[in-house]
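Take a look at the structure set out below.
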Amino acid sequence: MMSMASQAATHLPSLENLPVTTLFENCKSVDQLRQIHAHTIKKGIMSSPLVQNKIVAFPCEHEGGNMLYARRLFDEIPEPSVFVCNTMIEGYSRLNRPKDGVSMYLEMLRRNVKPNDYTFPFLFKGFKRDTALAYGQELHGHVVKYGFDSNVFVQNALVNMYSLSGMIDMASGVFDMSCERDVVTWNVMISGYNRIKHFDESRKLFKAMMEKGVFPTSVTFALVLSACSKLKDLDTGKQVHRYIKECKIQPNLVLENALIAMYAACGEMTVSLDIFENMKTSDVISWTSIITGFANSGQVDLARKYFDRMSERDYVSWTAMIDGYLRVNRFKEALELFRKMQTSKIKPDEFTVVSILTACAHLGALELGEWINTYIDRHKIKKDSFVGNALVDMYFKCGNVEKGLQIFNEMQRDKFTWTAVIVGLAINGYGEEALDMFSQMLEASIMPDEITCVGVLCACTHTGMVDKGRRFFASMINQHGIQPNVAHYGCMVDLLGRAGHLQEAYEVIQNMPVKPNSVVWGALLGACRIHKDAEMAELAAKNILELEPGNSAVYVLLCNIYATCNKLESLRELREMMLKRGIKKIPGCSLIEMNGMVHEFVAGDQSHPQSKEIYLKLEKITSNLKFAGYTPDMSEVFLDVGEEDKESSVYRHSEKLAIAFGLLSSKPGVTIRIVKNLRMCVDCHRMAKLVSKVYSREVIVRDRTRFHHFRHGSCSCKDYW
DNA sequence: GATGGTTGGG
């Protein structure tokens, strides 16, 4: 087989008779270029700027951009023209080597080659955010100095470069000053606002552009449709769609994708699907938009059907599907999908890990969360504030306070970071520390928002700091300029009620300026359970059931209260009413993570493969604990069953099954972590305390509202929950 | 020898 060089050599004789331009047109490889190069030297035409440029352009544009060779050829040119310098700069930009582009530019200045109107667009094209920040303004100075600031191409490149660096004011400054504006100038400006998520500005600009009679292109439409998606502005979106039809713009893939995404984001799945099914070719973006559309409208199973039908999936489509499960609180399925994603060898990015960490936080899946943390470090996933905050949130919600604080201390902190740590400390029973964090947050000049205030009140509630809570609530408007909303009133009712100030809590409800919702009344009802006030409980329950007639938790809680207060007649009536209305108790459900798998137990569950062993273990634990003084606490049992059955129903509570499973399947000394969907009952709480003592195990249970860290026979909640 | 575009987040 002949080598490329000898092939080229066979063509050499004809070189003599052909014009140089034809030679370049037929040039197929760097080897052939060498022949042509030698030929041009021999003919003495290397001084021609055109020939110089052709020679250097070839390696820039072929074989993936051989800039090393281009540079060698460039160095042989004694007096390079601006043409060939631009070619070199363009070559570096194309290969995403903006710094080399800048060096080339500086070199040409040193060699007294003046830039022309092509130089800056080529140079800026390769810029990323960091290079735009580092060199942008200085190079803007050069643009002015050399007099290209009125060239529309240069202006467009400048606007784009500034928007890339996040300096939107500079971008719009250049845009406003631009004497000559074309449709691309408008496009890059709109794209700039899209980039920083100022979608209303994008929409405004589009309307202004239309009013000025500038004729939009398909790029303009794609940009403004994207803004409409994010704004969920169906009206403007439809209007744009009409323009597209009126202007007879040829539909292309990107534009159709933008339309699909807009309709999907606005909940118009029928229209979105119609476009999707009638397009000539679809790509991964079209499919992902459809999936997101279904997921956003709550039809996650339909979204999954489309996801499964995709011929290829990228990390965005995986993340979109995972996020679809998160939206409907189907966290286990989110994690299962993530495992499949790993099997498919698709690398997660920072978006994916935030979704997974969120799922871990909800499930209390600490092991997986830790694994993700390691993964982020090892694979150098960008640790932006979203990722950092998701990590902090995950560690606290999984009960690992130390690690949560460690991440918090190491990262750049924004409002959300502080809020996550304040809430995290609060739910783990570190009320004082949470308040201290809040002071530090104020010292760091970070303004709290409504959620931060919920965290602060929550901290006071879980540690019984009634006066501090009262004072903070009063300071919300005056000191922080935050009007308390219904959630804050709910916190106050919770705070006062738990501490036994039931009357005061009720007064808060009566005097609050917004209509109390079921959460507010629920806080009062919960307080009534703790303080055994059946009368107030009836009042609270009545109000909740007016708002939410099907709220079964209210019935159950009221039953508990009647049982505790020994109001057996009321209990019987309520039970009858529940049967008549078909109200069923929400089954208690506990999750425990073992060896990276999340196991789920519901009360009385026998579906686990190791069910038999688990029940045997539980029996053994109970008898061991009875030696240590454990007697079942039946006060919260209200079922119409005999004493013995009562015990066995408490005995089958999901957290007990999970604890038994935990003791069964982990080594001595390993912390047992459980997440429960309901509030822990008194008996399970008592049992967990004893397990922590008798088995020398730390047991951490996260219930509906807070954490219980059981150590050496006592609980971090100090039996106050 | 030129510039602009579509999908997923706490």
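Throughout, protein chains are lettered first and strands after them, A, B, ... in sequence-line order, and every chain is numbered starting at 1.
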Look at the side chain of [X] and the base of [N], then say whether one donor and one acceptor between them are separated by less than 3.5 Å.
{"X": "S218(A)", "N": "dG5(B)", "result": "yes"}
{"X": "N194(A)", "N": "dG5(B)", "result": "no"}
{"X": "N187(A)", "N": "dG5(B)", "result": "no"}

How long is the line joining [atom1] of [X] and [atom2] of [N], in whole Å?
{"X": "R94(A)", "N": "dA2(B)", "atom1": "CZ", "atom2": "C1'", "answer": "12 Å"}
{"X": "Q155(A)", "N": "dG4(B)", "atom1": "CD", "atom2": "P", "answer": "15 Å"}
{"X": "W186(A)", "N": "dG4(B)", "atom1": "CH2", "atom2": "C1'", "answer": "14 Å"}
{"X": "F199(A)", "N": "dG5(B)", "atom1": "CZ", "atom2": "P", "answer": "14 Å"}
{"X": "I244(A)", "N": "dT6(B)", "atom1": "CD1", "atom2": "P", "answer": "14 Å"}
{"X": "L205(A)", "N": "dG4(B)", "atom1": "CG", "atom2": "C1'", "answer": "13 Å"}
{"X": "L164(A)", "N": "dG4(B)", "atom1": "CG", "atom2": "P", "answer": "10 Å"}
{"X": "F221(A)", "N": "dG5(B)", "atom1": "CZ", "atom2": "C1'", "answer": "13 Å"}

Give the nucleotide from the list [options] with an atom nearest to the side chain of [X].
{"X": "V316(A)", "options": "dG5(B), dA2(B), dT7(B)", "answer": "dT7(B)"}
{"X": "R195(A)", "options": "dG8(B), dT6(B), dG5(B)", "answer": "dG5(B)"}
{"X": "A258(A)", "options": "dT6(B), dG8(B), dA2(B)", "answer": "dT6(B)"}
{"X": "S289(A)", "options": "dT6(B), dT3(B), dT7(B)", "answer": "dT7(B)"}
{"X": "N156(A)", "options": "dT3(B), dT6(B), dG8(B)", "answer": "dT3(B)"}
{"X": "D182(A)", "options": "dT3(B), dG8(B), dG4(B)", "answer": "dT3(B)"}

Would you mind classifying the nucleic acid contact of [X] as base, sugar-phosphate or nothing, using non-hydrogen atoms under 4.0 angstrom?
{"X": "V188(A)", "answer": "sugar-phosphate"}
{"X": "D117(A)", "answer": "base"}
{"X": "D283(A)", "answer": "nothing"}
{"X": "S286(A)", "answer": "nothing"}
{"X": "E350(A)", "answer": "base"}
{"X": "S191(A)", "answer": "sugar-phosphate"}
{"X": "F124(A)", "answer": "nothing"}
{"X": "Y315(A)", "answer": "base"}
{"X": "N86(A)", "answer": "base"}
{"X": "T185(A)", "answer": "nothing"}
{"X": "D384(A)", "answer": "base"}
{"X": "A261(A)", "answer": "sugar-phosphate"}
{"X": "T217(A)", "answer": "base"}
{"X": "S355(A)", "answer": "nothing"}

Inset, instruction - Check the pair D182(A) / N156(A) against side-chain hydrogen bond (donor to acceptor under 3.5 Å, both in side chains), numbers first and verdict last. - result: CA-CA 9 Å; D182(A) 66 2; N156(A) 296 347; 3.2 Å; yes
In terms of ring plane angle, is the pair Y193(A) and H198(A) parallel, tilted or perpendicular, where the classes change at 30° and 60°? parallel
query: How are the rings of F124(A) and F120(A) set relative to one another: parallel (under 30°), tilted (30 to 60°) or perpendicular (over 60°)?
result: tilted
task = Apply the test salt bridge (Lys or Arg N to Asp or Glu O under 4.0 Å) to residues D301(A) and R330(A): give CA-CA distance (whole Å), side-chain angles for both, the deciding distance (0.1 Å), then the verdict.
result = CA-CA 11 Å; D301(A) 294 312; R330(A) 282 161 62 169; 2.9 Å; yes
Any stacking of F122(A) on dG1(B), going by centres under 5.5 angstrom and planes within less than 30 degrees? no
To the nearest 0.5 Å, atom CE of M88(A) lies from atom CE of M67(A) at 4.0 Å
Rounded to the nearest 0.5 angstrom, the CZ-CG distance for R71(A) and D100(A) is 9.5 Å
* Is any side-chain nitrogen or oxygen of K125(A) closer than 4.0 Å to OP1 or OP2 of dG4(B)? -> yes
- Under 4.0 Å between a side-chain N/O of K230(A) and OP1 or OP2 of dT6(B), yes or no? no
Exercise for review: Begin from the C-alpha positions of R195(A) and S163(A) and carry the test side-chain hydrogen bond (donor to acceptor under 3.5 Å, both in side chains) through to its verdict.
Suggested key: CA-CA 8 Å; R195(A) 187 174 285 126; S163(A) 94; 2.6 Å; yes
Query raised in the report: Does any N or O in the side chain of R413(A) come within less than 3.5 Å of the main-chain N or O of F408(A), such that one atom is a donor and the other an acceptor?
Result: yes
